[in-house]
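Worksheet: the structure to be examined is printed underneath.
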Amino acid sequence: MEATHLINQKNILVTGGAGYIGTHTLVELLSSGCQVVVIDNLSNASRKALRRVEMITGKTVTFIKGDVRDRTLLRSAFQGYEIDAVIHFAGLKSVNESVEDPLNYYDNNVTGSLALIEVMSEFGCKTLVFSSSAAVYGDPANVPVNERESLSPTTPYASSKLMVENILRHVHVSDPAWSIAILRYFNPVGAHVSGLIGEAPNGMPSNLMPYVSQVAHGKYQKLKVYGDDYDTPDGTGVRDFIHVSDLASGHTAALEKLFCSSLSTDQGEILTLNLGTGRGYSVLEVIDAFQKASGRLIEYEVVERRPGDAAKSYADTSLAFDLLGWTAKHDINRMCQDSWRWQSMNPEGFESDK
Ligand code: NAD
Ligand code: WQD
């Protein structure tokens with residue numbers, strides 16, 4: 001699909017925009033000529049990340065510190081800026097934490113989304129991109145997973161994402177003027193090529209790529225590989241790792257599509273799309289690629305499987321290609337190179353430049 005640049009000059013509200021995927025998407029939005037307003041409560045992010053986005057793009061990010069569950073704050077944002085569309089990243093994302101504290105996860109992820117949708121509706125802003133997750137598929141029966149696969153979330157986190165998906169589908173049925181893209185991300189990794197923004201987990205990372213990066217950097221001695229007896233080519237888990245900058249460009253492509261359909265039909269639409277590369281890599285393949293990218297040895301030991309892990313999950317990405325003309329461009333080597341650059345330049349995340 002030809003880039004139509006319908007998003008040029010649009011005002012986009014980005015909730016959770018100071019976070020990992022949010023900051024990379026801000027770079028794409030600003031580079032596409034959008035103005036951005038970020039609402040973030042900084043529960044898992046730093047104000048410094050937004051300054052780095054400004055350094056990369058040479059453009060200004062308008063920042064409102066606050067919580068998406070706060071309707072008064074949301075209303076003041078819509079009153080202060082003529083918002084054309086919203087990208088809704090704000091939420092909590094740790095699978096383990098969600099098992100320990102489900103109410104907090106439902107409150108943040110579901111109540112926060114409800115407040116946002118209500119206030120958008122009050123202000124007649126009906127164009128929304130929502131961050132969902134491949135977690136809604138649970139342990140998929142078929143790979144590559146397409147969007148019609150049965151949905152069986154196995155954790156409060158995944159369940160909170162599916163609840164919001166369903167709310168959005170019902171909102172669209174009740175008012176077809178809404179233009180909504182539900183994007184199911186697979187495994188976002190990597191960092192902006194500048195090394196200025198990237199993933200900055202609090203404490204010990206639970207995800208593979210940040211853990212591998214920190215082992216390469218010497219913060220942890222060795223990686224635990226969770227099981228090598230899966231039904232996969234080398235026995236370790238297989239995932240669809242996608243470069244965060246590719247994921248970010250998927251958001252601008254989705255917004256273009258939403259603006260395009262509402263222009264041409266006077267009606268909105270609801271899209272549900274996987275964002276992945278369509279290619280799975282095993283844990284051992286990731287270790288190998290990271291060793292090459294970093295020139296460091298990654299020590300590891302194989303331990304028991306992690307409860308709840310799927311053997312393999314990778315996306316059928318044909319729908320995103322057919323509808324958005326979008327496809328991921330960066331391979332696993334590039335993902336590891338960019339993760340390593342970010343890790344080396346910012347060993348303590350955004351606190352490195354204190
Ligand atoms: P992140 O934690 O880096 O970013 C989320 C941002 O939202 C943070 O800046 C946090 O401070 C903010 N936030 C959280 N709750 C808020 C609230 N109630 N009000 C205002 N701000 C709030 O996470 P991310 O990796 O950038 O993920 C962004 C979105 O994508 C999340 O909704 C996440 O569930 C979803 N997602 C992430 C992944 C992944 O592996 N990173 C995969 C699939 C889906
Ligand atoms: C990948 C592979 C592990 C760590 C999670 C969420 C999902 C989504 C993305 C938000 C698996 C193995 C990992 C380690 C290991 N997030 N591994 N040693 O579990 O696919 O997805 O992040 O929506 O909802 O569940 O990602 O990076 O944790 O694991 O061997 O120290 O690496 O067993 O096979 P996962 P991950």
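Numbering of ligands and ligand atoms starts at 1, following listing order. As the structure is a computational prediction, the values presented were derived from the model and not from experiment.
- Distances shorter than 4.0 angstrom occur between a heavy atom of S132 and an atom of ligand 1.
- Counting heavy atoms under 4.0 Å from ligand 1, residue K161 touches it through the side chain alone.
- Near A135, meaning under 4.0 Å from one of its heavy atoms, ligand 2 places the atoms 24 (O).
- Between the side chains of R52 and N346, at least one donor-acceptor pair of N or O atoms lies under 3.5 Å.
- If you check which protein heavy atom lies closest to atom 18 (N) of ligand 1, you get N108 OD1, 2.7 Å.
- Between N274 and N146, the side chains place no donor N or O within less than 3.5 Å of an acceptor N or O (distance only, hydrogens not considered).
- In terms of protein heavy atoms, atom 31 (C) of ligand 1 is closest to F89 O, 3.2 Å.
- In terms of protein heavy-atom proximity, atom 30 (O) of ligand 1 is nearest to Y185 CE1, 3.3 Å.
- The shell of residues lying under 4.0 angstrom from ligand 1, judged by heavy atoms, excludes A135.
- For ligand 2, the atoms sitting less than 4.0 Å from at least one non-hydrogen atom of V225 are 30 (O), numbered in the order shown with element in parentheses.
- Shown in contact with V95 at under 4.0 Å from a heavy atom are these atoms of ligand 2, numbered in order with element: 6 (C), 24 (O), 25 (O).
- Taking every heavy atom of G237 and a limit of under 4.0 angstrom, the matching atoms of ligand 2 come to 34 (O).
- Close contacts between ligand 1 and S43 involve ligand atoms 10 (C), 11 (O), 13 (N), 14 (C), 15 (N) [criterion: under 4.0 Å to a heavy atom].
- Annotation for ligand 2: atoms under 4.0 Å from non-hydrogen atoms of S133 are 10 (C), 23 (O), 24 (O).
- If you look at L42 next to ligand 1, the close heavy atoms, those under 4.0 Å, all belong to the backbone.
- A donor and an acceptor atom, one from each side chain of Y185 and S131, are located under 3.5 Å apart.
- Listed by atom number, the atoms of ligand 2 under 4.0 Å from K224 heavy atoms are 14 (C), 15 (C), 18 (N), 30 (O), 31 (O).
- Between the side chains of D322 and S318, no donor-acceptor pair is found at a separation under 3.5 Å.
- Against a heavy-atom cut-off of under 4.0 Å, Y157 is close to the following atoms of ligand 2: 10 (C), 23 (O), 24 (O).
- Comparing L208, V136, L223 against atom 31 (O) of ligand 2, the shortest heavy-atom distance belongs to L223.
- Of the protein's non-hydrogen atoms, N44 ND2, 2.7 Å is the one closest to atom 2 (O) of ligand 1.
- Taking all heavy atoms of T232, N187, V215 into account, the minimum distance to atom 21 (O) of ligand 2 is reached by N187.
- Residue S206 has at least one heavy-atom neighbour below 4.0 Å for each of these atoms of ligand 2: 4 (C), 28 (O).
- For the pair E165 and R169, the salt-bridge criterion is met [side-chain N within less than 4.0 Å of a carboxylate O].
- Scanning all protein heavy atoms for the shortest distance to atom 26 (O) of ligand 1 gives I21 N, 2.8 Å.
- Checked against a 3.5 angstrom limit, the closest N/O atoms of Y211 and ligand 2 fall outside it.
- Ranking the protein heavy atoms by distance from atom 19 (N) of ligand 1 puts V68 N, 3.0 Å first.
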